[in-house]
Number of protein chains: 2
Amino acid sequence: MDEAAPRTRKRKAVTIYDVAKRAHVSIKTVSMVLNNLPAVKAETRARVQDAIDALAYHPNQLARGLASHRSFMLGLFCDGNAIGSNYIARIQMEILKTCQKEGYHLVIEYVEPSSPNLARQVQSLMVQSDLAGGILTPPLSEHDGLIEALKHTDTPIARYSPERSMPGFIDVDMDNVQAGYDMAALLLSLGHRRIGFVHGEYDHADARARFAGFRRAMAEWKVPVDESLCLPGEFTYKSGMDAGDVLLSLPERPTAILAANDDMAAGVLAASLRFNLRVPEDLSIAGFDDSLFSQAMWPRLTICRQPLTEMTEAVVAALIRNEGVEPAAMVFPHKVIVRQSTAAPAEARF
Amino acid sequence: MDEAAPRTRKRKAVTIYDVAKRAHVSIKTVSMVLNNLPAVKAETRARVQDAIDALAYHPNQLARGLASHRSFMLGLFCDGNAIGSNYIARIQMEILKTCQKEGYHLVIEYVEPSSPNLARQVQSLMVQSDLAGGILTPPLSEHDGLIEALKHTDTPIARYSPERSMPGFIDVDMDNVQAGYDMAALLLSLGHRRIGFVHGEYDHADARARFAGFRRAMAEWKVPVDESLCLPGEFTYKSGMDAGDVLLSLPERPTAILAANDDMAAGVLAASLRFNLRVPEDLSIAGFDDSLFSQAMWPRLTICRQPLTEMTEAVVAALIRNEGVEPAAMVFPHKVIVRQSTAAPAEARF
DNA sequence: CTGAAAGCGCTTACAG
DNA sequence: CTGAAAGCGCTTACAG
């Protein structure tokens, strides 16, 4: 190879034939060693392993995928707006960790939910690379047109927080109604009565469910829901901040604000600073998800933890084994974690 | 296919042979149409295209990659701590956008910088999947052992912010010394004299360069650097908050704090709240990078924008075309963006 | 402008 | 427990 022109011409790759020759076995035997199939004598296995090490052999995944129809790749589909979402960041991290344990790789694709040929695009990506599985996060996981088209795909598909679970899909979620109820109950128990709610996007099933749980708790406590305290948001820090501005400008402002995710809760916190409010003394704030950010910020946010670690392990396992598709969504237990952003309202103290 | 047991058995895939048969041409012609090679009669091309559409044919990327030695996949290597870093998030987004334009796919791999066989691991990932290129972000891009090993790889490799640029690598960066100088000059011009600096990790070239620039500006303004105001950080929100706590507890606290990236600057902002300081009235805060978060937060952060869009476009283009490796790093122009977190110090006003 | 054929580097029945 | 051979679905010289 010419030293002056590096990386221009590929070195001839070391193949399974080279290993077989050196170990004095057939390529079949090498293949069995590589794939950890048991039917190889220990002595033979050792000889093959030595050859592999000596030649620094790396099996070609493309060839392996082509021959076996197993690409060992999973695809994660997100919409472009997911950028900066700490929720998606955590999902991605969890998938990556689990994939690595299983010897799988992750391909990331951003797609535009509003694109007219979204379904074809996603399907094409899965078929072309022969993905072992596709993973959909909201809002893609509840995109009717996409889901309808994907019913007829061979690739197993997992969805986080689908609108409603469906046979043929691997669905994971937590009980968002209960989670919403639990968080509202927490604030109510603390003594709050004027509670603001920052909704997520209305086409987002999780957000609606959390809001429903909130209302249920309010009803149970016999506290009427003041609709002027319930504002829309977009699951972003910015939208939480905007909603917070509105709520805190009110003549009679809420003593607590519950946001449908923690990025928005962080935004509400930022808004509270503009009004020179202390958290939690003057205002309690709570959210959902438990992103790394919500744990790092100050004051640390009281949240309802979404069990993304457990959900992701289930998703990846089901995808990889492509085992019988669950009839219903797998629902994992959430957990209320009280940190520093919530306290009893000022009037209720002492 | 059994309707009751979905996705268990793969449908026979549509292949290039099916398309060729239907269009009454050879597979060679189909291949040429697929790859947009010019030497096909328009009429033939149309006939092939019709067949492709009619059969919903998706060329198998694995087969294509195997045959052509072009996988159309790029690999992004990050260390696990990168999670939650808004800098890495922005890089990932930029790569994804550029890849999609070019018809490439992105495989993400997290690796542990402290792993003893890091180099083998990275190399193996590149060789196995026959990646068209590998992308390294800090701290991997300046990891001596890894870089040394990667010199002898066939796969083209791009690095963000390497320690020092090297022939054989595609290196991109901005002028961090100048950037550090510019940001310090901004604060000095506003009238600040007691300026805190939150350093990044000491093995991080960018951080050191930014600090050097800071010192240069201080020297030029004849303001001695108070070492007790220069604290280490880890490029995270949390570490910025901790450093802020220390700086703001000082009997004579700084009137401005410059952090080596904007996640840390956001942390300093959080710390300032604990001390009931108003930003920018009581304290000016500035950072580097320009993450989406630094744009969304309140007050919006004054920062030095790292031109990641331009850097990434250059990286991907160079990787894909595998064109002559640059002798030196490609350096892209930074830009100081003044937003709401900086102002003249209280004493200097009026 | 287009065909027939070899080859990319694996896996996998089929034999033994 | 191991071999010889076909095949996965493409690309690419080589001819014409």
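Quick caveat, the model's predicted, so the values are computed rather than measured. Letters A, B, ... are given to chains in the order of the sequence lines, protein chains preceding strands, and every chain is numbered from 1.
- For A:Ile147, the side chain to side chain contact (heavy atoms under 4.5 Å, CB included) partners at least two apart in sequence or on another chain are A:Leu136, A:Arg159, A:Met166, A:Phe169.
- Toward the 5' end of DNA chain C, the nearer of the two residues A:Val30 and B:Arg47, judged by each one's closest nucleotide, is B:Arg47.
- The CD1 atom of A:Ile27 sits 12.5 Å away from the CE atom of A:Met32 when rounded to the nearest 0.5 Å.
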* **Chi angles and distances behind the side chain to side chain contact (heavy atoms under 4.5 Å, CB included) call for A:Met73, B:His105** => CA-CA 12 Å; A:Met73 292 194 301; B:His105 301 260; over 6 Å; no

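- As a whole-Å value, the separation of B:Arg64 CZ from C:dC10 P is 21 Å.
- As rounded to whole Å, 13 Å separates atom C1' of D:dG7 from atom CG of B:Asn60.
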* Asked: Given the rule that a pair is Watson-Crick or G-U wobble with both distances under 3.5 Å, how would you write DNA chain D in dot-bracket, using | for pairs to a different strand?
  -> |||.||||||||.|||

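- When rounded to the nearest whole Å, the span between NE2 of A:His69 and P of C:dT11 equals 13 Å.
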Kindly list each side-chain donor-acceptor pair under 3.5 angstrom involving residues 50-64 of chain A, sequence neighbours excluded, with atom names and distances?
residue: A:Asp53; atom: OD1; partner: A:Gln49; partner atom: NE2; Å: 3.3
residue: A:Asn60; atom: OD1; partner: A:Leu62; partner atom: N; Å: 2.6
residue: A:Asn60; atom: OD1; partner: A:Ala63; partner atom: N; Å: 3.0
residue: A:Arg64; atom: NH1; partner: A:Asn35; partner atom: OD1; Å: 2.7

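- Phosphate contact (OP1/OP2 of C:dC8, side-chain N/O of A:Thr15, threshold under 4.0 Å): absent.
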Only pairs under 3.5 Å count here: list side-chain donor-acceptor contacts from residues 310-317 of chain B, not counting sequence neighbours, and write none if there are none.
residue: B:Thr312; atom: OG1; partner: B:Tyr160; partner atom: OH; Å: 2.7
residue: B:Thr312; atom: OG1; partner: B:Leu308; partner atom: O; Å: 2.7

Distances under 3.5 Å only, N/O to N/O: pair up the protein atoms with those of nucleotides 3-5 of chain C.
residue: C:dG3; atom: OP2; partner: B:Ser26; partner atom: N; Å: 2.6
residue: C:dG3; atom: OP2; partner: B:Ser26; partner atom: OG; Å: 3.0
residue: C:dG3; atom: OP2; partner: B:Thr29; partner atom: OG1; Å: 3.1
residue: C:dG3; atom: O6; partner: B:Lys28; partner atom: NZ; Å: 2.9

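- Straight-line distance from the CG atom of A:Leu62 to the P atom of D:dC8: 17 Å, rounded to whole Å.
- In this structure, B:Ser31 does not reach the D:dC10 phosphate: none of its side-chain N or O atoms is under 4.0 Å from OP1 or OP2.
- We find the CG-CD distance between B:Leu106 and A:Glu109 to be 8.5 Å, quoted to the nearest 0.5 Å.
- Atom-to-atom, CD of B:Gln61 to C1' of D:dC8 comes out at 15 Å; the value is rounded to the nearest Å.
- A distance of 9.5 Å separates CD1 of A:Ile135 from CD1 of A:Ile108, quoted to the nearest 0.5 Å.
- To the nearest angstrom, P of C:dT11 lies 14 Å from CG of A:Asp130.
- The distance from the CG atom of A:Asp144 to the CD atom of A:Glu142 is 9.0 Å, given to the nearest 0.5 Å.
- Under the salt bridge (charged side-chain N to carboxylate O under 4.0 Å, His left out) criterion, A:Lys41 pairs with no residue, sequence neighbours left out.
- As a whole-Å value, the separation of B:Leu66 CG from C:dG7 P is 14 Å.
- Remark: C1' of C:dG9 and CZ of B:Arg70 are 19 Å apart, rounded to the nearest angstrom.
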